[in-house]
Each structure stands twice: as structure tokens, then as C-alpha cells.
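Okay, so here's the structure we're looking at.
Heads up: numbering here begins at 1 and tracks the sequence.
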Amino acid sequence: MIQGVSPRRAYYSAAVEYESTHDELTGLLNYRAFSEFVENTRGNDIRGDLKLGVVDIDHFKWVNDRYGHLAGNELLKGFATYLLTSLQERFQQNVAVYRFGGEEFCIVFDGIEETKCTQAMQEIEKHLQNHPFVLDEGQRLTISFSCGIARSEETDPHRSLRAADEQLYRAKRQGRAQICTNFA
């Protein structure tokens with residue numbers, strides 16, 4: 001026992017903590033975990049060190065409408081797994097991926113050069129265009145996503161997130177399936 005805590009209780013505590021910070025469907029970190037990250041980061045000098053990306057799967061509603069919500073969930077799980085795996089292979093522990101809800105995701109790039117962030121997202125987009133997801137029912141779905149990435153200009157990651165959101169909506173206005181940044 002650790003400090004009078006039974007192994008069973010310690011396991012239960014760890015499970016509750018995991019469930020409170022991870023998305024049930026995809027296993028990614030969730031918005032609560034992002035909020036904790038923001039609280040732990042607020043006030044530190046993060047200018048330029050962090051880049052935040054916001055990703056939205058293009059035309060996801062069409063997938064749910066055409067194939068049903070179970071197929072949509074399959075696609076979300078597959079996309080989340082591919083996104084996280086690709087970024088971790090490239091950047092190891094210097095990246096975190098959060099699911100904010102629906103088909104929207106947030107990426108925190110820590111200490112990674114701007115061009116490498118953009119290049120990684122472009123390569124993921126290209127891979128998805130050339131490798132359709134195959135659903136359990138056999139349907140092949142080629143998907144794209146829009147992404148906005150912003151450099152941290154402030155000590156408050158929420159402001160950087162708003163800047164990344166602005167870039168995401170610029171990507172959508174310009175036709176989707178692209179990555180827009182606030183990098184000069």
C-alpha cells in the first residue's frame with residue numbers, strides 16, 4: 001500500500017483521473033485537459049515557444065448524414081489515431097492532441113519550428129487524400145481537414161487559441177483542405 005491507500009483504491013483514482021482528462025471516443029486528451037494545460041502555462045513566458053493548431057474535419061456532417069453516426073464515430077477514431085500517431089512519430093513528447101468535441105481538435109506544438117508544424121500538417125493532409133478510411137461496412141471515405149496554426153504571441157494560451165481559430169476560419173473561407181497560419 002502507498003501511504004495507506006489500497007492498490008484497488010489507487011487504481012480507481014487513476015482511472016477516474018484518466019476518464020476526466022481523456023475523450024471517451026478517441027482516447028485523446030479532452031478540453032478539460034487543455035484547460036488544465038492553460039492554467040499551468042498562464043503567466044509563463046511562452047511567446048514563440050508554443051504553436052497552437054485547430055483542426056476541423058471538412059464536411060463531417062455529410063458523413064453522419066450519409067453513413068450514420070456510428071460510421072462518423074469510426075471515422076473520428078481513425079482520424080484521431082492517425083493524427084496523434086503521425087505527430088508523435090515526428091515530434092515525440094513535444095506535441096499534444098486534444099479533442100474539443102465533434103470533429104474539432106486542438107494541437108499544442110511545444111518548441112517546434114513554425115515551418116515544421118506547417119509541413120507536418122500538410123503531409124498529414126496529403127496522406128489522407130491518398131489513403132481513404134475503410135469503414136467496418138466496407139465504405140471507403142477520403143477526407144480532408146482545414147487547419148489554423150498560430151504562434152503564441154501572449155502569455156495566455158487562450159489568446160493563441162483564438163488566433164489559431166481565426167486561421168482555421170480563413171482556411172475554410174478559402175476553400176477548405178488547407179493549412180493557414182499567422183506566421184509572417
> So Asp58 and Ser146, side-chain hydrogen bond (donor to acceptor under 3.5 Å, both in side chains) or not? Walk me through it.
Replying inline: CA-CA 6 Å; Asp58 295 330; Ser146 299; 2.6 Å; yes

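- Of all the heavy atoms in Ala164 and Val54, the pair that sits closest is CB-CG2, 3.7 Å.
- Val97 is not listed as a side-chain neighbour of Val55, based on a closest heavy-atom distance of 4.5 Å or more.
- Leu141 and Leu70 fall into different hydrophobic clusters, where Ile, Leu, Val, Met, Phe, Trp and Tyr residues are linked whenever their side-chain heavy atoms come under 4.5 Å apart, directly or through other members.
- Closest approach of Leu161 to Cys106, counting heavy atoms only: CD1-SG, 3.9 Å.
- Ile57 and Val134 are assigned to two separate hydrophobic clusters, defined by single-linkage of ILVMFWY side chains at heavy-atom distances under 4.5 Å.
- Within the 3.5 Å criterion, the main-chain N or O of Phe109 finds no donor-acceptor partner in the side chain of Asn94.
- A distance of 11.5 Å separates CD of Glu19 from CZ of Arg32, quoted to the nearest 0.5 Å.
- Taking OG1 of Thr41 as the reference point, atom NE2 of His158 lies at 10.5 Å (rounded to 0.5 Å).
- Between Thr21 atom OG1 and Phe37 atom CZ the span is 14.5 Å, to the nearest 0.5 Å.
- Here the CD-SG distance, from Gln167 to Cys147, works out to 10.0 Å after rounding to the nearest 0.5 Å.
- Note on Glu114 versus Lys51: no salt bridge recorded, every NZ/NE/NH1/NH2 to OD/OE distance being 4.0 Å or above.
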> Please walk me through it: do Phe133 and Glu74 pass side-chain contact (heavy atoms from CB on, under 4.5 Å)?
Replying inline: CA-CA 9 Å; Phe133 282 95; Glu74 257 186 87; over 6 Å; no

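- Applying ring pair (Phe, Tyr, Trp, His ring centres under 6.0 Å) to Phe105 and the options Phe79, Phe34, Phe100, Tyr98 leaves one that passes, Phe79.
- A chain of hydrophobic side-chain contacts below 4.5 Å, direct or via other Ile, Leu, Val, Met, Phe, Trp or Tyr residues, connects Leu25 to Leu135.
- Judged purely by atom type and a 3.5 angstrom limit, Thr81 has no side-chain atom pairing as donor or acceptor with the backbone of Gly78.
- Between Glu125 and Ser144, some side-chain heavy-atom pair lies under the 4.5 Å cut-off.
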>> One pair to check against side-chain contact (heavy atoms from CB on, under 4.5 Å): Thr26 and Leu84. What are the steps and the verdict?
In response: CA-CA 10 Å; Thr26 64; Leu84 179 63; over 6 Å; no

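- In terms of heavy-atom proximity, Asn30 sits nearest to Ala33 at OD1-N, 2.9 Å.
- Residues Arg162 and Glu166 are not paired through a salt bridge, judged by the lack of any N-O separation under 4.0 Å between the basic side chain and the carboxylate.
- The structure places OG1 of Thr181 at 6.5 Å from CZ of Arg170, a figure rounded to the nearest 0.5 Å.
- For His131 and Tyr82, the ring centers sit 6.0 Å or farther from each other.
- When side chains are defined from C-beta on, Ser160 does not count as touching Leu50, because their heavy atoms never get closer than 4.5 Å.
- Between Arg90 and Ile112 the shortest side-chain heavy-atom distance does not fall below 4.5 Å.
- By the 4.5 Å heavy-atom criterion applied to side chains, Glu103 and Val63 are not counted as neighbours.
- Using a 4.5 Å heavy-atom cutoff, the side chains of Phe183 and Thr115 are not in contact.
- Side-chain contact between His59 and Ile143 is absent, with no heavy atoms from C-beta onward closer than 4.5 Å.
- For the residue pair Leu87 and Val95, the shortest heavy atom distance occurs at O-CG1, 3.7 Å.
- Residue Leu29 comes nearest to Ala96 through the heavy atom pair CD1-CB, 4.2 Å, listed as atom of the first residue, atom of the second, then distance.
- Phe91 places a side-chain heavy atom less than 4.5 Å from the side chain of Lys116.
- For the atom pair CG of Leu168 and CD1 of Ile179, the computed distance is 10.5 Å after rounding to the nearest 0.5 Å.
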